[in-house]
Amino acid sequence: MTVALIFGGPSAEHDVSLVSAKNIFMHLETLADKVLLLGITKDRLWKLINKEDLLATNFEHPIDLNQLGIEVFCKYDGHNVYLYDQHGNKAVEDNLDLAFPIIHGPFGEDGELQNLMSEWNLPFVGTASAGCAHAFDKAKTKKILSDFDIPQTPYLLIEEEIPSFQEIESKLGLPFFVKPANMGSSVGISKVKSEAQWKDALKEAQKFDKKIILETSVENCREIECALLEEDGILKVTGLGEIKPNHEFYSYDAKYIDPNGAELIIPASVDSGVEQNIQDIAKKCFEKLDCRDYARADFFLTPDNQVYFNEINTHPGFTNISMFPSLWKQAGLDGKQLVSHLLEKAKARMENSH
């Protein structure tokens, strides 16, 4: 069985994806006959690289895919997918049996890559195209879930017409968050406490998306997460973890750059009734957004135990500090068991497609 591990991508989360892929590969290498490492550059070029290059990456010194490997493209012949080099020759004799995409952000989580793989009839790990689009676009997520009584913070969607600061304040209060609708890992997010901060926050979010979400800030809340995994037709959910940022909020720097940016607490100290409520909401969101295989769900919890759904991530990180593998480790599944389980799910789809 030849597995393509696909990582990198054009988003601001490129370097995070490299580290996630590195961790997945160390398990995948022992589970598949052959693993082909397909790194996608920030300019969307596909590069076939060797394992020594991938294993050399880290947050402090990420590898540059432009300088590595050979440029390739995927070609579907009606039966199988093969990799070709720029001279039209097969880069690898083996066809791809299935794919394990771990691109965070645009092209990986928004459904575009999944749509391509579906056109190639290539089975893959994780959520299909429609579910990715539902979960990645914060505006779509909110609209879909609003029909199912999922508790969410008050919000405004900006697409073309920009409301005045006074209008925003009257609807959302202060402070409020400004977020690109299509981005993850807290990229482009700002917390606005005054009119003076508003224009800079909007400009920062617009670097990443023309569609912007404004959300009421739930003050003094706790950030709570759980992980989900489909197994034998049952959607399983872990206990809860808590993130305590040492920054203003759980920003990209707090997640990945500052080694003391946040404290991850597993298990979170939460009343059993509240924990069950969060787990039930997480399952409902997973199902209503058409997620598949696995995901991580994020929530806000107020001092009086009011729960607000924040977002669901269909491509959660697999870094050493990522909550998804940490929560499953606490639940009794280590990294290799997780990767093996996800691989088996895709393998079953592969066998059913033939």
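Residue numbers start at 1 and run along the sequence shown.
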What distance do [X] atom [atom1] and [Y] atom [atom2] have between them, rounded to the nearest 0.5 Å?
{"X": "E311", "Y": "K142", "atom1": "CD", "atom2": "NZ", "value": "9.0 Å"}
{"X": "K140", "Y": "L289", "atom1": "NZ", "atom2": "CG", "value": "11.5 Å"}
{"X": "F107", "Y": "K42", "atom1": "CZ", "atom2": "NZ", "value": "16.0 Å"}
{"X": "K75", "Y": "L96", "atom1": "NZ", "atom2": "CG", "value": "14.0 Å"}
{"X": "I213", "Y": "D137", "atom1": "CD1", "atom2": "CG", "value": "7.5 Å"}
{"X": "L48", "Y": "L68", "atom1": "CG", "atom2": "CG", "value": "11.0 Å"}

With a 4.5 Å heavy-atom cut-off, do [X] and [Y] have their side chains touching?
{"X": "K171", "Y": "P154", "answer": "no"}
{"X": "M350", "Y": "K347", "answer": "yes"}
{"X": "M117", "Y": "I6", "answer": "yes"}
{"X": "V178", "Y": "I189", "answer": "no"}
{"X": "D298", "Y": "M323", "answer": "no"}
{"X": "I40", "Y": "W46", "answer": "yes"}
{"X": "I103", "Y": "H315", "answer": "no"}
{"X": "L37", "Y": "D53", "answer": "no"}

Using a 3.5 Å distance criterion without hydrogens, assess whether the side chain of [X] forms a donor-acceptor pair with backbone atoms of [Y].
{"X": "E29", "Y": "K34", "value": "no"}
{"X": "K211", "Y": "A181", "value": "no"}
{"X": "S20", "Y": "G317", "value": "no"}
{"X": "T216", "Y": "L172", "value": "yes"}

Please report the shortest heavy-atom distance between [X] and [Y], naming the atom on each side.
{"X": "P180", "Y": "I212", "result": "CA-CD1, 4.2 Å"}
{"X": "L338", "Y": "P325", "result": "CD1-CA, 4.0 Å"}
{"X": "I102", "Y": "L5", "result": "CG2-CD1, 4.1 Å"}
{"X": "F124", "Y": "T127", "result": "CE1-O, 3.4 Å"}
{"X": "A99", "Y": "L122", "result": "CB-CD2, 3.9 Å"}
{"X": "N66", "Y": "K47", "result": "O-NZ, 3.2 Å"}

Before giving the answer on side chain to side chain donor-acceptor pair (under 3.5 Å), spell out for T319 and S322 the whole-Å C-alpha distance, their side-chain angles and the decisive distance to 0.1 Å.
-> CA-CA 5 Å; T319 73; S322 293; 2.7 Å; yes

Non-neighbouring partners of [X] that pass ring-ring contact (aromatic ring centres under 6.0 Å, His included), sequence neighbours left out:
{"X": "Y84", "answer": "F73"}
{"X": "Y294", "answer": "F324"}
{"X": "Y82", "answer": "none"}
{"X": "F7", "answer": "none"}

Show your reasoning for whether side-chain contact (heavy atoms from CB on, under 4.5 Å) applies to D200 and S190.
-> CA-CA 9 Å; D200 286 341; S190 303; over 6 Å; no

Relative to each other, are the rings of F165 and W198 parallel, tilted or perpendicular (30° and 60° limits)?
->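 Tilted: the ring planes of F165 and W198 meet at 30° to 60°.
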
Could I get the full list of side chain to side chain donor-acceptor pair (under 3.5 Å) partners for [X], not counting sequence neighbours?
{"X": "S146", "answer": "none"}
{"X": "K345", "answer": "none"}
{"X": "Q337", "answer": "none"}

Pairs satisfying salt bridge (Lys or Arg N to Asp or Glu O under 4.0 Å), at least one member in residues 265-289, at least two apart =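 Qualifying pairs, neighbours excluded: none.
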
What residue pairs, at least two apart or across chains, pass salt bridge (Lys or Arg N to Asp or Glu O under 4.0 Å) with a residue in residues 316-335?
->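 Not a single pair qualifies under salt bridge (Lys or Arg N to Asp or Glu O under 4.0 Å).
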
Transitive ILVMFWY side-chain link [X] to [Y], under 4.5 Å:
{"X": "L31", "Y": "F25", "answer": "yes"}
{"X": "L113", "Y": "L28", "answer": "no"}
{"X": "L36", "Y": "L65", "answer": "no"}

K90, NZ: over 12 other non-hydrogen atoms inside 6.0 angstrom |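 Atom NZ in K90 is crowded, with more than 12 foreign heavy atoms closer than 6.0 Å.
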
F286/E230 under side-chain contact (heavy atoms from CB on, under 4.5 Å): CA gap, chis, key distance, verdict | CA-CA 10 Å; F286 186 99; E230 288 186 310; 3.8 Å; yes

Decide yes or no on salt bridge (Lys or Arg N to Asp or Glu O under 4.0 Å) for K191 and E219, but give the supporting numbers first.
-> CA-CA 11 Å; K191 188 175 184 178; E219 292 299 279; 3.3 Å; yes

Step-by-step side-chain contact (heavy atoms from CB on, under 4.5 Å) determination, Y76 to E119 | CA-CA 9 Å; Y76 177 54; E119 288 177 4; over 6 Å; no

Any residue meeting side-chain contact (heavy atoms from CB on, under 4.5 Å) with D43, in chain and number order, not counting sequence neighbours =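 Listed in chain order: T41.
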
Output all residues satisfying side-chain contact (heavy atoms from CB on, under 4.5 Å) with S194, sequence neighbours left out; order by chain, then residue number.
->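 S194: side-chain contact (heavy atoms from CB on, under 4.5 Å) contacts with A196, Q197.
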
Contacts under 3.5 angstrom, residues 231-240 side chains, donor-acceptor by atom type, not counting sequence neighbours:
{"residue": "E231", "atom": "OE1", "partner": "K236", "partner atom": "NZ", "Å": "2.9"}
{"residue": "T238", "atom": "OG1", "partner": "A227", "partner atom": "N", "Å": "3.0"}

Which is it for V270 and R222 under the side-chain contact (heavy atoms from CB on, under 4.5 Å) test, yes or no, and what are the steps along the way?
-> CA-CA 10 Å; V270 175; R222 299 164 66 189; 3.9 Å; yes

Verdict with reasoning, D293 to R349, per salt bridge (Lys or Arg N to Asp or Glu O under 4.0 Å) = CA-CA 11 Å; D293 289 356; R349 284 193 286 273; 2.6 Å; yes

